[in-house]
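Computation of the quantities below employed the complete heavy-atom set of this structure, encompassing side-chain atoms and omitting hydrogens, waters and symmetry-equivalent molecules. Count residues from 1 along the sequence.
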Amino acid sequence: QVQLMESGGDSVQAGGSLTLACAASGVPSKHCLGWFRQAPGLERETVATIYSDGRTNYADSVKGRFTISTDNGRNNLYLQMDDLKPDDTAMYYCASTTVWFNGDTCLAGPGSLYRYWGQGTQVTVSS
């Protein structure tokens, strides 16, 4: 059973930085991990994804500002967020697929491919 728990959300000013962490357990050897976000009244958005071979994918809105990484590929997931903007304000969730052999599909999202989800951590960016 995969379990995920996010941490690191906070309130920051525009231009600031935050690092989100997701403690993961039970993640299969072939998988995608991802960060998703949802702001009030808006649909869930795929922020960044990483496959177990290290390939990554980013939403256009965060390219060049956010970096997704893992420590050993399975236990801890991170999202380094720089140059934060008010539009980044949302609840951020980490998620994992089940065993997944086609990295191209889960890297592209959407969230419906991800079976396991954390509880979320709030990020608020003020102007």
Side-chain angles (χ1 to χ4, degrees):
Q1 180 74 15
V2 176
Q3 293 185 324
L4 304 166
M5 182 175 294
E6 306 92 339
S7 63
D10 205 346
S11 295
V12 298
Q13 290 193 327
S17 296
L18 276 177
T19 300
L20 303 183
C22 176
S25 62
V27 177
S29 59
K30 298 288 187 184
H31 65 277
C32 266
L33 290 169
W35 286 100
F36 300 80
R37 67 187 181 188
Q38 187 165 21
L42 298 180
E43 293 188 356
R44 183 177 60 199
E45 176 186 15
T46 304
V47 176
T49 54
I50 185 166
Y51 188 57
S52 45
D53 64 1
R55 287 180 289 157
T56 59
N57 191 40
Y58 295 90
D60 288 343
S61 59
V62 306
K63 279 181 182 175
R65 300 189 298 121
F66 290 11
T67 304
I68 188 171
S69 63
T70 63
D71 54 359
N72 62 3
R74 296 168 69 174
N75 287 351
N76 291 295
L77 175 70
Y78 303 98
L79 185 68
Q80 174 66 41
M81 304 186 293
D82 297 317
D83 189 22
L84 283 160
K85 304 178 187 301
D87 284 350
D88 296 319
T89 296
M91 184 71 76
Y92 283 72
Y93 300 89
C94 67
S96 174
T97 61
T98 57
V99 174
W100 205 275
F101 294 100
N102 187 337
D104 290 338
T105 56
C106 61
L107 281 169
S112 58
L113 298 181
Y114 290 70
R115 176 175 292 185
Y116 304 103
W117 293 79
Q119 293 300 307
T121 188
Q122 178 67 38
V123 173
T124 302
V125 184
S126 58
S127 57

Undergrad: Tell me, please, which residues at least two apart from Asn57 pass side-chain contact (heavy atoms from CB on, under 4.5 Å).
TA: Thr49, Leu107
Undergrad: Among residues at least two apart in sequence or on other chains, which ones pass salt bridge (Lys or Arg N to Asp or Glu O under 4.0 Å) with Asp83?
TA: Lys85
Undergrad: Show every salt bridge (Lys or Arg N to Asp or Glu O under 4.0 Å) that has at least one partner inside residues 16-42, sequence neighbours left out.
TA: Arg37-Glu45, Arg37-Asp88
Undergrad: Which residues pass the side-chain contact (heavy atoms from CB on, under 4.5 Å) test with Val123, not counting sequence neighbours?
TA: Leu18, Leu20, Met81, Tyr92, Val125
Undergrad: Please name the pair of heavy atoms, one in Thr89 and one in Ala39, separated by the smallest distance, quoted to 0.1 Å.
TA: O-CB, 3.6 Å
Undergrad: Please collect all salt bridge (Lys or Arg N to Asp or Glu O under 4.0 Å) contacts where either partner lies in residues 89-112, sequence neighbours excluded, each pair once.
TA: Arg55-Asp104
Undergrad: How would you list, by chain and number, every residue that makes a ring pair (Phe, Tyr, Trp, His ring centres under 6.0 Å) with Phe36, sequence neighbours excluded?
TA: Tyr114, Trp117
Undergrad: Not counting sequence neighbours, list each pair that qualifies as a disulfide (SG to SG under 2.5 Å) and has a residue in residues 9-67.
TA: Cys22-Cys94, Cys32-Cys106
Undergrad: Do Leu84 and Phe66 touch side chain to side chain, with heavy atoms closer than 4.5 Å?
TA: yes
Undergrad: Is there side-chain contact between Ile50 and Thr70, with at least one heavy-atom pair below 4.5 Å?
TA: yes
Undergrad: Under the side-chain contact (heavy atoms from CB on, under 4.5 Å) rule, collect the residues that match up with Gln80, sequence neighbours excluded.
TA: Ser17, Thr19, Thr67, Asp82
Undergrad: Sequence neighbours left out, what passes side-chain contact (heavy atoms from CB on, under 4.5 Å) with Thr98? Give chain and number order.
TA: Trp100, Arg115, Tyr116
